[in-house]
Each structure stands twice: as structure tokens, then as C-alpha cells.
Amino acid sequence: MGIDDPRFGACGSPLDRRLRRRALLGGAAALAAAALLDERKTPRALARQDAPSGVLQLGGESEPAGSWLPFRAAGGAETQVFDLIFSRLIRFDADYNLIPDLAESFEISPDASEFTFNLRKDVTWHDGAPFTARDVIFTYRLAMMEEVAASQYNKLSQVLGAAAFRAGESDEIPGLQMVDDYTVKIILEKPNIAFLVGAAHNNSLIWILPEHILKDANPAEIDQHPFAQNPNVGTGPFTFVEYVADQHVQTDANLAYFLGTPKLAQVYVRLASPATQLAALESGELHVMQALSAADGERLATSEVVNVVPTPGVGIFQTAVFNERIPDKRVRQALMHGVDRQSLMDVVLKGQGRLVNQSIIGPEWALYDDLNPYEFNQERAKELLAEAGWDSSRTLDLIWEQGVQAIELCAPVFQQQMAEIGVQVTLTPLDEEAFEARVLDEMDFDLAWFGGGAYGLDPDVSSTYYACANWTPNGGNTTHFCSEELDQLFVDGRGTPDVDERREIYHQAAKILNDEVPTIFWWSENMIWGINKRVEGVAPGPNTDIHWNIQEWSLAE
Amino acid sequence: MGAFVLRRLIIAVPVLCGVTLLAYLLVDLAPGDPVTAMVDPSTRAELGPEWVELRKEQLGLNDPAPVRYLLWLKEVLQGNLGYSLIGGQSVASQIQERIGPTLLLMGTALLLGTLIGIPLGVLSAIRQYSLLDYLATVGGFLAISTPSFFLGLGLVYLFAVRWKLFPSSGMRTLGVEDSGSDLVRHMILPVTVLAFAQIPLVMRYARAAMLEVLRQDYVTTARSKGLGERVVLLGHAFRNALLPLITVLGLTLPEILSGAVITETIFQWPGMGMLVIRAVSARDYPLILGTILVTATMVLVCNLLADLLYAAADPRIRFGEGRR
């Protein structure tokens, strides 16, 4: 039904394509949607051949907080549900190509500071009310209000006039314009092509909320609004039915979905611990589970029930070096050379990952290989330490959040190999809150081990972690690394939508990060999906948002 | 007896206040707060300290701890358990949602454990050193020393993954109309795990109590009077052996409402145990205090109940009438 291929194109880089092509949705799609709209009112009256059927179970990544408004720093399960029940202006497919969602096309000004979204005219809310630009403006204004404390504001603060609006100095937001009922324009204070990119909690592409339901809500008490407990009016492929804590979230097919009626009748997000999910996946009850461990992936490779699908990860396993205490890059380089990362990765990840030597690890167009691979070479490490005049009586304290298996396996080996090159390391596992306090609040550590992040989404994500302005506690730069040259490259990279230009800029940035090693880069772990063999139409890629085409999924008998 | 019950109920009030105060202090001393507990470190670093501060202010976390406790107490005395800091739902409704499933799961397991455990223990005692006694003793020790997570995961692997006889987790089959038989199918594995822990406990106590009683003079007297073995065992011995059992059952009874954390987690059973774990890991103060209040009340009520049952089982015990 509807559009066969909602993507803009099939090759080339996303930003490239974004400029070159526009999604053209013909009148046929609009007619189909109108027909579906009638059907929605009497779903049982019309028994069609392709009526939705099948009940799919997705593994929930975490227990939701219980407030179904997309303004909190949401966990994985909320993100999954929001993707099912709401829509955004545009979104990404499995390979991080931008694809149309509520906006059928959009334009970016050549200096990457103005974004114009042309909205679809055939979208209705689940209660039948028409969707217009007013809903978009309403949602963005809400997210910018201080009382709402939206986690996305971090990103939206870049919109022209957002700060004055938030401070209550102005009711107008010059950077947020409703051109007409179906056109929205966002203007940024400074050019930033990466404005559109970010993990769910920090993304300018918020799930759009219904103004006609929420317009009278008190922003300060928005979590207490009935809609926050029962968000049954969205525009997504599925409609929210119920949330049963520690059990599931039920959603039913939205027959009037603007990208075509979903093939599945119901999707449940099943909430359970990973061990419980794994059992349900193996027994065939659960259909999609993310983040299988490498060992489980290996074990299930021969399963008759499950397909194991590894995709490149976007996070980086790293040992952050507090640069203020270790300012000499030769010492940091020595740490990289001194440890046998490859052997450890073979043991821990069983081949499900790649070594990384700097943090710009995706998307594909931004990759650059002509870099120092920091092969395991303890002689070289000793030379570098000698050059830097390393004091071998000095001890480095390594902290991490206990319970992360990969770190616990690697830390003793790291300690021993560091001792071999003359660097004494003490191991200090901490509980979660104590670890966070040491790294983010007290900024008191030599080495801090963690994994994660969303580096692979866009090269600009690295600026969050390595730009001078983002030193903790004011940002995500935990290492307190600072390079003006790199900062300038990040600014330049944000300032153009041209992919070839950006590629060149980020190759320079990659060289600096590779040479300076602000942190000990280890590897990027593959995201391993476990997908029931009956599920058809699912296309996992680097993007963990696997649901981008869920309306096309189906379950074989 | 009425006076006794009343006195116990009055004492319960300061006890409950003490329990919640202690819980509050402990939770407050633990590092972290609901805002930082909900976001992972890299997210928190990106959002910056202002966002954390703003959320804390909104949730009222910047008030001093004693003020927050007293505010909570004031609301509780008015019958309001407050709202979850994380999701904004009312604590009372969250607890209410959990009581049904917990009661069903724990109640069935305790009932089963008792119904199987007592006869098994009594039989073991009557036929001491018989094959049945040895089997029950060895089996009981095996069962009681098997950790529930091990047994639970083992059962899931065999019965759900391998043989696909029972569902691996949850309370109902998703996408299918609710039905009693579906519920029973989901209950079998978790109830088995819980009953496995309960049966040997009850059995061992029943056996010990029964052995003790069987050696008493009055049993010999009853036998010498020419009473039938059946009457001696059930009418004279068993009735007296019940007393220590009432204590044991009185102690396990509160679990009916407090739930079993590990078993509930493995089988994804939406009971009180999971709610408590969730509340604690999210540092959701109102939810923690609410669940503790309910559990503590249950313990007090069950203890009272056990005392009253004592009197029913043993006519020598009288309350508050000046003699024993």
C-alpha cells in the first residue's frame, strides 16, 4: 500500500541525496490514504486481502519511566514506542540516510542555517483530526519551554530566539516559523548541518505531538496530563493501546497510516531483563531482540528459530584519559601502543567489532583509513614514554562502573601490559553513581573506562566529546582535551551541507584525533540483532532505530 | 482479646513510622538521585548540569531531607501515597496494579508449599528413618539449597526453550484473549520455583515439631488409653505440632504481598518484588516508601494473625486477662 520505497534514493551519501532529490508523492498515495481514512472508521466492515495480521513482539530495551511524552531523556523502550506511535518531520533509515516522514520534502540553505520542511497534507491523527504545521510549531515551542525541561533543548537552543523565549523575554521565536499550514521553517543562530542528527534524547527531530489534545496542558505539570499516561493520539504506524508496567506496551495497527497500512495487526514491546528476553527469543515467543552478547550471538548462529544479524555499532569502547593530568600526547600514544587491543577484542567480542583509532567512525562517507593504527608495540611505547620523560614511579588510577563484563575482562590485562611498559595502574571499580560523580561532577580521575556514545551517527557527534567548549561539567568532554584547530574544523564541518566538503574537513579532524589520542580508543562493538526467522521485511543497519519501516514488516506462517 | 488487638494496632503506628524513616534515611544516604539515576553518564554529560538542576528543582529534590520526609508523612496520614518521581503515576495505583499478580503467584506457591510440605513432614516424622523419610530429607535439602535463579533459568531452558511446553515469561500470551488456562500455563514454572523453596521449609519444621510431640507423655497416654493410631496422631499429636508451624507460616505469609524479587524478574511476573527493585534502582523515593509501608504493614498484620492463631490452636493461651 502507499509508497513502495519511502527512501529518497538508494546510493550516495545522505546529505548529498537530501539536496539532490526530493520525495515526490503522487496523487495516488493521497487517494489511497483518503480511502484508508474511511476504512479506519469501520475496520471490520472491510475484510481485505491485505488486512493487517500477525502479532509481533519486540524486545524492550529498558523499563519505561511511565511518562509517554518524548521530552525526558528517554530510555530505549520509550524510543521504540515513540517510533511506533508518533512521527517526526524526517527520520533516518537503517543506514542513516534521511527519509521523509511527516515532511514529504525539505530544503537546506547552502550555509546550513535554514531548514524548510514541506509537510504532507494527507496525515491525520489517530483520532481523525488533521495534522498541520500548527502541531509542529506547538511541539517545538513546548520543548523549548523551561518548565517542560525537555532533554532535546540542548539541541534546540541553537534555534534563533530560543534562549530569549525560554527566559520569558519574548513570546516569539524568530527561528521557528509557520510559513503556511503545511510548511515549517527552522532558522539556526549559527550554521549547523548536524542539527538534524542526534540520539533520541538529544535530537532536533522530536516526535510531533497533537496540539488539539495538549493545547490546554500546564507545561510545568505536563507529566501529569492524562495524555502522558495514555498517548493514544499520534500519527505513527501503530496506535497506543496500553502499557502494563514490567510486562508490555501494546500498539495496534493504524489503518490510516500515511505511509501505508501496516502489515502487522499488533506490535507489542515486551519489557523484560535481557536474560528473560533471550529465553523468549530462543523459544520463539519474542521476535526481535537487540544487543545480544557476542557469546550468545555465536551460540545462536545455528539456531533454527533465530537469525543472528550483526550490524556496525555507533559507540566506542574507550579508556578516557584526563588530559589535564596527562597533557603530553606522547604518553597517551604510548598507552595506545602498549596494550594488545586486537587479542583482547578477539576474546571479548569474538570478532564482532572493529578496532578504532579515533572517534569519527561513521557514517560511511566520513570514514578515513590513512591513520596511525597503533599496533601492539611495547618497544615503541617505551620509546615514546622515554621521550616524554615519563616518571615510572607515578601511578595512574583506573576507574570504571563495575558490572561491565568487557571492562572487567580487559582491565587486569591492561594493568599488566601497562606495567610491562613502565606505567603503574591501579584498578578501582566503582558503583554507577560513584563512578558518575568522579567523572562528571568531581572530575577526579586519571583513567575512566566506559563504552557507548553515538559517534557513528555523524562526524559532528565527536565535537560533543572533544570540543574545548564542552568540558565537563558543562558538556560531554570528560577528557578535558582541547585543540583549537580541531574546534575550527568542527565549526567548518557544521557550516556546509556539501558532503564532499564535509568529508575533507572530517578527514583532517580524524588525523588530529588520531594523533592526539585524547582517550585510549579500543573498539566499536557490533550491534547484534536476534531476529525470528518468521519476520519478513526487517532491514537492520547501523541505526539502532530498526523500526523505521515497521509498517512493511510481516510475520510468515 | 479485643484489647490485645487494639494495643497491637496502636503500637503498629510508631513502628511503621520508624520503618519508613529508617528506609528514607538509608535511601537518602545512597549515592545518586532520581534525576541522575534515570540517564546514563554520557547522556548526562551531554545535557549538562543545568538540565539536572532544573529537573531536581522541579521534583522538589533540593529541599532538605527531613523536610521531604515530613512532607511525605503528612500526605500519607491524609491517605495519599504520593506520585512516582519518574513517571508521574500515583504510587497507590502502581501498588494496586501489583497486588493482584503477587497475591496470585505467591499465594498459590505458599498454599502449594504448605499443602505438600505439612503432610510430607508429618509422614516423615511418623515413619522416621524409613525410605520416605530419607528421600524427603535429602530431596528437601537439595531443593532448599538450589538458588531460585538457577532453578528458574534451568526450568525455562528445559520447559520453554527446549521442549516449548510452557511460556518462558510473562503473565499472558500477548495478542490472545485472556483466559484462565493461559494464565495457569504462565504460572506453572514460577510457582514451581517458589514452591520448591517453600515445601522443604514447611516440611522440615513439620517433621521436627511432630517428632518432638510424638515423644511426649500425653501421646503415650493417649495410646495406652487404647485410642486408635489415627486419632492419636491427628487429634493429639498433630494439633500440638501445629504451634511452631504457625510461627513459620506467620513469618512467610508477608511474602504473599511483598513478592519474590528474583523469581519475578526471571519470569517477568509483574509483582511487588519487581516494583521494589525498580523503585530502588531509580531512587524513586515515594515509590520506595510506599512499597515499604505496604510490606511493613503486612508483616505486622501477619504477626498479629499468627498470635491470634496461636490462641485458637492452643486453648492454654489467653490474651490480656491476667493469666497465662
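Below, chains carry the letters A, B, ... as their sequence lines are ordered, and counting in each starts from 1. Computation of the quantities below employed the complete heavy-atom set of this structure, encompassing side-chain atoms and omitting hydrogens, waters and symmetry-equivalent molecules.
- Between B:P49 and A:N474 there is a side-chain heavy-atom pair separated by less than 4.5 Å.
- Residue A:D252 does not touch chain B at all, counting heavy-atom pairs closer than 4.5 Å.
- Considering every non-hydrogen atom in both A:D246 and B:L275, the closest pair reads OD2-N, 4.2 Å.
- Contact annotation for A:A150: only backbone heavy atoms (N, CA, C, O) come within less than 4.5 Å of a heavy atom of chain B.
- Of the possible donor and acceptor atoms, none in the side chain of B:Q268 sits under 3.5 Å from a partner among the backbone N and O of A:Q247.
- With a 4.5 angstrom heavy-atom cutoff, A:V148 touches chain B only via backbone atoms.
- When heavy atoms are compared at a cutoff of 4.5 Å, A:E282 approaches chain B by way of both its backbone and its side chain.
- Taking B:Q94, B:E50, B:R283, B:R55 one by one and counting their heavy-atom pairs under 4.5 Å with chain A, the maximum is reached by B:R55.
- Note: B:R172 leads B:E97, B:R162, B:R172 in heavy-atom pairs under 4.5 Å with chain A.
- Under the 4.5 Å side-chain criterion, counting only non-hydrogen atoms from C-beta, A:S67 is not in contact with B:Q89.
- Residue contact with chain A, scored on non-hydrogen atoms closer than 4.5 Å, involves the side chain of B:V156 exclusively.
- Interface remark: A:E146 contributes backbone and side-chain atoms alike to the contact with chain B (heavy atom separation under 4.5 Å).
- Contacts between A:S273 and chain B at a heavy-atom distance below 4.5 Å involve backbone atoms as well as side-chain atoms.
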